[in-house]
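All remarks here apply to the structure that follows.
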Amino acid sequence: MDHTTPPEIAVENPATRHVVASVPCHQVSDLERTVRDAAPAIAEWTSAAASRPQYLRVISERITARSEELARLLTAEQGKPITQARLEVAVAARAFEYYANLPLAPDVLRDTPEQEVVREYYPLGIAGLITAWNFPMALLAWKAAPALLAGNAVIVKPAPTTPLTSLKMQEIFAEVLPAGLATVLVGGNDLGSAMVAHPEIPKISFTGSTPTGRRIMETASSRLKRLTLELGGNDPAIVLSDADLPSAVEGIAAVAFRNAGQVCIAPKRVYVHESRFDDAVDLFRQYLTRQRVGEGSDESVTIGPVNNAAQHKSLLEIQGSVRDQGGTLHTYPHPMPDLPGYFVQPAIATGLAAHARLVQEEQFGPVLPLLPYRDVDDAIAAANATDYGLGASIWSSDVEAAVRVGDRVRAGTRWINQHGPAEIDVPFGGVKQSGLGTELGLEGLKAFTESRITNVKY
């Protein structure tokens, strides 16, 4: 008998680079076992259809009861400030509560004396949920809650740099749900690839990069798997000449620098009318003076490190490209923390051309380009000049004018005088290369089902 100890993944605190914990690295054999164990669990879950909402409510309550423990663990593995970690834990609890109260009723499409047509929704079986490292708890909840309510089993693969809160969530699942119904497997790309290719996992919900999303789509195509892909973004914010500039800058910066800029829907390019540009630069500088960079467990810290070495290296290269391409970095004016972690000096950048790397790429970090424009048509054209289309925001004192501008911007969500948030009861998804399908809201629930029509002639 083989008693070889399975390999482990060391999870480090990105602020200190100290190992927080080591967890087993699951193998493809673990996936096969998990798929086998899900079959009896699905049968039990199918018979418990009427009581599924109550199970979800109990999960929500257990998350809330352990909220401080989960928040501190989230900060330790992900790096975000503890105040933001608490909010993310609350978002996760809210997701299970929301879906517990969302009925999935049949749709009566036609009801006449001669004919009745009804659409009903059925679970798919096993849903493979692949989550990203920027919001590991929220993303797990946004996927698992609707998948479970719809009647599916779930297999969760968190990012290997942030598996600890997901494993704590599995503890809660094990306390509440039938054995084998919800399992967390921690592993590398080989495990994710095996999930996508597995013939008995008919649904994949993935949050991550666009290149990885394309590879998932290629693999899944051979079995016509159902996919939800929430991919990259390069969200523009357009500040019109009549905008309340202090409010616009505060609203944009609060999201752009949240979680050290590691937010899919964060503003990543800011277009400001030339008549207000210098004032906007000053206001963004003032915003940076009010921030504090440091280790996330400190209650006063507002910007922590980025999550991992690869992201840290990429952002340092991007900051270097700003100078190489003729731009100016206006940086966080205080001393950076004397810590060995993955800290990036928060900054805004000016003087860049449209083709600059920081403008064209999704930086996913606390470095934000500001770009002046003269004519709103030029701003709209620049906003649309990307393969991405996740979110966008328009800022103006004239809401109707802002909506007209938003109508011309190709993005899955156009916010007016705000940027974000993603709200649990509002469908969310990208266009162009930013994704496929919809998460959140009733549409996010239906995404974990297949619909069947019953057409009766009397």
Side-chain angles (χ1 to χ4, degrees), residues 1-3 5-6 8-9 21-66 69-70 73 89 92-93 95-97 99-100 104 122-131 136-137 139-158 160 162-187 191-192 194-196 198-205 445 448-449:
M1 183 178 293
D2 183 4
H3 295 286
T5 302
E8 291 192 332
I9 293 175
S22 292
V23 300
C25 180
H26 292 108
Q27 309 299 306
V28 174
S29 59
D30 297 304
L31 175 64
E32 295 295 343
R33 172 184 48 77
T34 301
V35 170
R36 289 195 303 270
D37 291 348
I42 291 172
E44 182 178 351
W45 197 233
T46 299
S47 66
S51 57
R52 285 180 209 147
Q54 184 56 31
Y55 282 94
L56 266 61
R57 289 189 188 95
V58 174
I59 291 171
S60 177
E61 292 166 0
R62 301 270 174 110
I63 294 171
T64 301
R66 299 175 67 172
E69 172 196 359
L70 288 165
L73 188 60
V89 173
F96 282 96
E97 179 66 23
Y99 281 107
L104 185 59
Y122 294 82
L124 292 164
I126 301 175
L129 313 180
I130 304 176
T131 59
M137 276 208 67
L139 292 172
L140 186 158
W142 286 354
K143 297 175 189 297
L148 290 167
L149 182 66
N152 302 286
V154 299
I155 301 175
V156 182
K157 181 197 171 298
T162 55
L164 302 182
T165 45
S166 297
L167 291 169
K168 285 295 181 183
M169 284 295 295
Q170 179 170 268
E171 292 180 10
I172 293 173
F173 292 152
E175 294 168 0
V176 177
L177 299 172
L181 191 70
T183 305
V184 175
L185 297 179
V186 182
L191 181 62
M195 285 179 62
V196 174
H198 201 287
E200 295 180 58
I201 303 178
K203 168 72 180 187
I204 297 293
S205 179
L445 172 57
F448 287 98
T449 68

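Everything numeric here is computed off the predicted structure, so don't read it as measured data.
Separating the OG1 atom in T449 from the NZ atom in K203 is a distance of 9.0 Å, to the nearest 0.5 Å. With rounding to the nearest 0.5 angstrom, the CG atom of L129 is 9.0 Å from the CD1 atom of I155. The distance from atom OG1 of T34 to atom CD of E200, rounded to the nearest 0.5 Å, is 12.0 Å. Note: T131 OG1 to L140 CG = 6.0 Å, rounded to the nearest 0.5 Å. With rounding to the nearest 0.5 Å, the separation of CG in L148 from CG in L445 is 11.0 Å. For the atom pair CD1 of I204 and CE of M195, the computed distance is 5.0 Å after rounding to the nearest 0.5 Å.
The nearest pair of heavy atoms linking A147 to A127 is CB-CB, 4.3 Å. Across all their heavy atoms, A95 and A145 have their closest contact at O-CB, 3.9 Å. Annotation for P160 and I9: closest pair O-CG2, 3.6 Å, computed over non-hydrogen atoms. Summarising the geometry of S60 relative to A93, their closest heavy-atom pair is OG-O, 2.8 Å, with the distance given to 0.1 Å. Closest heavy-atom contact between K168 and L73: CG-CD2, 3.5 Å.
Of the possible polar contacts, none joining the N152 side chain to the P123 backbone as a donor-acceptor pair under 3.5 Å is found. Without hydrogens or angle criteria, K157 side chain to G187 main chain gives a donor-acceptor distance under 3.5 Å. Under the 3.5 Å distance criterion, the side-chain polar atoms of Q27 are matched with a main-chain donor or acceptor of C25.
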Side-chain donor/acceptor pairs under 3.5 Å, residues 173-185, sequence neighbours excluded:
{"unit_1": "E175", "atom_1": "OE1", "unit_2": "R62", "atom_2": "NH1", "d": "3.0"}

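Residues I126 and I42 meet the side-chain proximity criterion, which asks for heavy atoms closer than 4.5 Å. A 4.5 Å side-chain heavy-atom check between I201 and L31 finds at least one atom pair inside the cut-off. You'll find the side chain of R57 reaches within 4.5 Å of the side chain of P53, heavy atoms only. With contacts defined as side-chain heavy-atom distances shorter than 4.5 Å, the pair I63/L70 qualifies.
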Working for side-chain contact (heavy atoms from CB on, under 4.5 Å), residues I130 and K143: CA-CA 9 Å; I130 304 176; K143 297 175 189 297; over 6 Å; no
Evaluation steps, side-chain contact (heavy atoms from CB on, under 4.5 Å), between H198 and E32: CA-CA 9 Å; H198 201 287; E32 295 295 343; 3.1 Å; yes
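Annotation: ring-ring contact (aromatic ring centres under 6.0 Å, His included) contacts involving residues 44-64, sequence neighbours excluded, comprise W45-Y55.
In this structure, W142 has no ring pair (Phe, Tyr, Trp, His ring centres under 6.0 Å) partners at least two apart in sequence or on a different chain.
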